[in-house]
Amino acid sequence: QVQLVESGGGLVQAGGSLRLSCAASGRTVSSSTVGWFRQAPGKEREFVAAISRSGGSTYYADSVKGRFTIFKDNAKNAVYLQMNSLKPEDTAVYYCGARTALFGSYDFNEYAYWGQGTQVTVSS
């Protein structure tokens, strides 16, 4: 079993930055592929970014490429999502998910473990 806890969300103005954290327990992030997804009201959960088990491969949605960065800190057993140049359309609840496969997936159904989510609100 893997337990995931997200933190770092909040209210920020457009153009600002936030860093989301996904702390894991029960399994190390070095043995998991971790993805970030988001869900806005009335919309489906959508892929944001993922990082492979080794940390050597990263994946991004086109909408966040060049603005968001995903990275792992194995010593802290956590995965982070650095979000820069935030836009109002980035407003959503952000979730981290984990899977044991080697590589990331864009499909949220491929992730077996989920955190409770953290709200990100970007004001214009």
For Phe37, what residues pass the ring-ring contact (aromatic ring centres under 6.0 Å, His included) criterion, not counting sequence neighbours? Phe47, Tyr111, Trp114
Just so I know, are the side chains of Gln3 and Val5 near enough to count as touching, which here means a heavy-atom distance under 4.5 Å? no
What is the minimum heavy-atom distance between Ser124 and Pro88, and which atoms define it? CB-CG, 3.8 Å
Nearest-0.5 Å distance that lies between atom CG in Asn74 and atom OG in Ser31: 9.0 Å
Please report the closest heavy-atom contact between Ala49 and Leu81, naming both atoms and the distance. CB-CD1, 4.0 Å
Here the gap from Gln39 atom CD to Glu44 atom CD, rounded to the nearest 0.5 Å, amounts to 8.0 Å
Report whether Val93 and Phe108 are members of the same hydrophobic cluster (ILVMFWY, side-chain heavy atoms less than 4.5 Å apart, transitive linking). yes
Please confirm whether the backbone N or O of Val34 pairs with a side-chain atom of Ser32, one donor and one acceptor, at under 3.5 Å? no
Gln119 versus Thr91: any side-chain heavy-atom pair under 4.5 Å? yes
With sequence neighbours excluded, what pairs up with Lys43 under the salt bridge (charged side-chain N to carboxylate O under 4.0 Å, His left out) test? none
Measure the CD1-SG distance between Ile51 and Cys96 for me, rounded to the nearest 0.5 Å. 12.5 Å
Taking ring-ring contact (aromatic ring centres under 6.0 Å, His included) as the cut-off, I'd like each qualifying pair that reaches into residues 59-83, sequence neighbours left out, listed once. Phe71-Tyr80
How far apart are the closest heavy atoms of Val48 and Val64, and which atoms are they? O-CG2, 3.5 Å
Measure the OG1-NZ distance between Thr58 and Lys72 for me, rounded to the nearest 0.5 Å. 11.5 Å
pair Val122-Met83: side-chain heavy atoms closer than 4.5 Å: no
Rounded distance [0.5 Å steps], CZ in Arg53 versus OG1 in Thr28: 9.0 Å
Please list, chain by chain and in numerical order, all residues satisfying salt bridge (charged side-chain N to carboxylate O under 4.0 Å, His left out) with Arg67, sequence neighbours excluded. Asp90
Can you name the nearest heavy-atom pair linking Gln116 to Leu4, along with the distance? OE1-O, 3.8 Å
Which donor-acceptor pairs under 3.5 Å do the side chains of residues 15-23 make with protein atoms, sequence neighbours left out?
residue: Ser17; atom: OG; partner: Asn84; partner atom: OD1; Å: 2.9
residue: Arg19; atom: NE; partner: Gln82; partner atom: OE1; Å: 2.7
residue: Arg19; atom: NH2; partner: Gln82; partner atom: OE1; Å: 3.2

Show the nearest heavy-atom pair for residues Asn77 and Val29, with the distance to one decimal. OD1-N, 2.7 Å
Any heavy-atom pair between the side chains of Glu6 and Trp36 that's under 4.5 Å? yes
Output every pair passing salt bridge (Lys or Arg N to Asp or Glu O under 4.0 Å) with a member in residues 95-106, not counting sequence neighbours, ordered by first then second residue. Arg99-Glu110
Donor-acceptor check, side chain of Thr33 to backbone of Leu102, threshold 3.5 angstrom: yes or no? yes
